[in-house]
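Only one structure is covered here, and it is reproduced in the block below.
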Amino acid sequence: MAQRTLVVYPTKDAVAQAGAQRLLLAIADMLDERLDGGKTRNRIDVALTGGSDTIKALEYMASNPLTNTIDWTRVHLWWADERFVAADDDDRNALQARRMLLDRLVAEGRLPESNIHEMAADTRNAADIAAADDTTTDALLDEAARAYERELVRELGVVPVMDIAVMGMGPDGHYASLFPGHAEVSVTDRLVVGVNHSPKMPPLRLSMTAPLLAQTRRMWFLTAGAGKADALAHVFATRNDPAWPSSFADATDELVWFTTPDAAAQL
Ligand SMILES: O=C1O[C@H](COP(=O)(O)O)[C@@H](O)[C@H](O)[C@H]1O
């Protein structure tokens with residue numbers, strides 16, 4: 001179990017800027033790291049999420065000169081969670097990341113499209129969505145979750161490991177799409193799950209599970225603003241409490257929360 005570390009920056013903007021800078025430096029360092037035998041890694045795997053702080057960090061990455069020094073052909077991008085909406089829906093985490101950074105890297109020939117591992121989008125039309133009952137929707141989400149599991153295993157083996165995960169946390173303490181009051185946070189026999197009736201819109205989601213995320217080497221939370229203070233205090237006071245899902249967050253090497261004084265006020 002990793003020890004939780006807290007790093008406080010003066011503003012929300014500074015958290016995003018620092019997150020961007022740290023992510024670029026960490027990617028560069030990991031790509032240069034010498035393995036036994038002197039070779040460098042042939043790939044690193046980074047899990048992204050959505051939410052205000054992480055998307056802002058991607059925006060800062062786009063304008064950071066370090067971005068142009070990275071060998072993106074060896075960087076694979078995954079999503080710790082996704083909103084199950086149409087591929088062109090503004091709510092989609094992957095679409096936001098593409099708009100902020102990834103599409104440009106692909107267009108410039110730096111990042112192969114095949115390195116972007118998106119979770120499935122909802123391909124149904126509005127009438128089918130409206131007509132679907134819970135059983136149908138759950139089955140659809142489950143098939144999408146299993147498809148992502150298959151992709152993870154195909155690419156990374158039966159115990160997939162993210163080198164870095166950049167997480168956000170909601171004011172209710174959710175991380176990825178693991179919400180309080182929902183059973184998914186306690187699922188231990190899956191890598192990815194479907195989430196129906198999410199308390200935060202949109203209601204249908206896909207999420208990596210806590211055990212998969214806990215295999216991550218370096219997990220960073222970008223969690224800024226007074227709205228996160230209550231959740232942060234509860235999360236730091238407990239472990240594996242379903243009422244505060246981010247208390248399940250773990251990593252093998254480091255678990256760091258980048259935050260602001262107002263978010264850390266109750267600690
Ligand atoms: O819906 C989501 O919300 C969280 C946190 O969002 P924030 O805007 O409160 O920072 C995010 O981490 C998650 O990936 C996303 O799907």
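Order of listing sets the numbers, starting from 1, for every ligand and every atom in it.
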Practice task
Kindly give the cluster partners of Val195, where membership spreads through any ILVMFWY side chain lying under 4.5 Å from a current member.
Solution key: Phe179

Result block: side-chain N/O donor-acceptor pairs under 3.5 angstrom for residues 48-55, not counting sequence neighbours:
residue : atom : partner : partner atom : Å
Thr49   : OG1  : Val166  : O            : 2.7
Asp53   : OD1  : Lys12   : NZ           : 2.8
Asp53   : OD2  : Ala224  : N            : 3.2
Thr54   : OG1  : Gly50   : O            : 2.4
Thr54   : OG1  : Gly51   : O            : 3.4

Would you mind listing each N/O atom of ligand 1 next to any protein N/O under 3.5 Å, plus the distance?
residue  : atom   : partner : partner atom : Å
ligand 1 : 1 (O)  : Arg83   : NH2          : 2.8
ligand 1 : 1 (O)  : Lys200  : NZ           : 3.1
ligand 1 : 1 (O)  : Arg205  : NH1          : 3.0
ligand 1 : 1 (O)  : Arg205  : NH2          : 3.3
ligand 1 : 3 (O)  : His174  : NE2          : 3.0
ligand 1 : 3 (O)  : Lys200  : NZ           : 2.7
ligand 1 : 6 (O)  : Lys200  : NZ           : 3.2
ligand 1 : 8 (O)  : Ser52   : N            : 2.9
ligand 1 : 8 (O)  : Ser52   : OG           : 3.2
ligand 1 : 9 (O)  : Lys228  : NZ           : 3.1
ligand 1 : 10 (O) : Ser52   : N            : 3.4
ligand 1 : 10 (O) : Ser52   : OG           : 3.2
ligand 1 : 10 (O) : Lys228  : NZ           : 3.2
ligand 1 : 12 (O) : Gly168  : N            : 3.4
ligand 1 : 12 (O) : Gly168  : O            : 3.4
ligand 1 : 14 (O) : Gly50   : N            : 3.0
ligand 1 : 14 (O) : Asp81   : OD1          : 2.6
ligand 1 : 14 (O) : Asp81   : OD2          : 3.4
ligand 1 : 16 (O) : Asp81   : OD2          : 2.6
ligand 1 : 16 (O) : Arg83   : NE           : 3.0
ligand 1 : 16 (O) : Asn93   : ND2          : 3.3
ligand 1 : 16 (O) : Arg205  : NH1          : 3.3

Please set out all donor-acceptor pairs under 3.5 angstrom arising from side-chain atoms of residues 100-113, sequence neighbours excluded.
residue : atom : partner : partner atom : Å
Asp103  : OD1  : Arg98   : NH1          : 3.2
Arg104  : NE   : Glu108  : OE2          : 3.1
Arg104  : NH1  : Ala62   : O            : 2.8
Arg104  : NH2  : Asn68   : OD1          : 3.3
Glu108  : OE1  : Arg110  : NE           : 2.9
Arg110  : NH1  : Asn68   : O            : 3.1
Glu113  : OE1  : Arg98   : NH1          : 3.3
Glu113  : OE2  : Arg98   : NH2          : 2.5

Handout entry: Face-on cation placement of Arg239 at Phe248 ring, 6.0 Å and 45° thresholds
Key = no

Practice task
Quick one: pull up CD in Glu143 and OH in Tyr148 and give me the separation to the nearest 0.5 Å.
Solution key: 15.0 Å

Practice task
On the 0 to 90° scale, with breaks at 30° and 60°, tag the Trp220-Phe258 ring pair as parallel, tilted or perpendicular.
Solution key: perpendicular

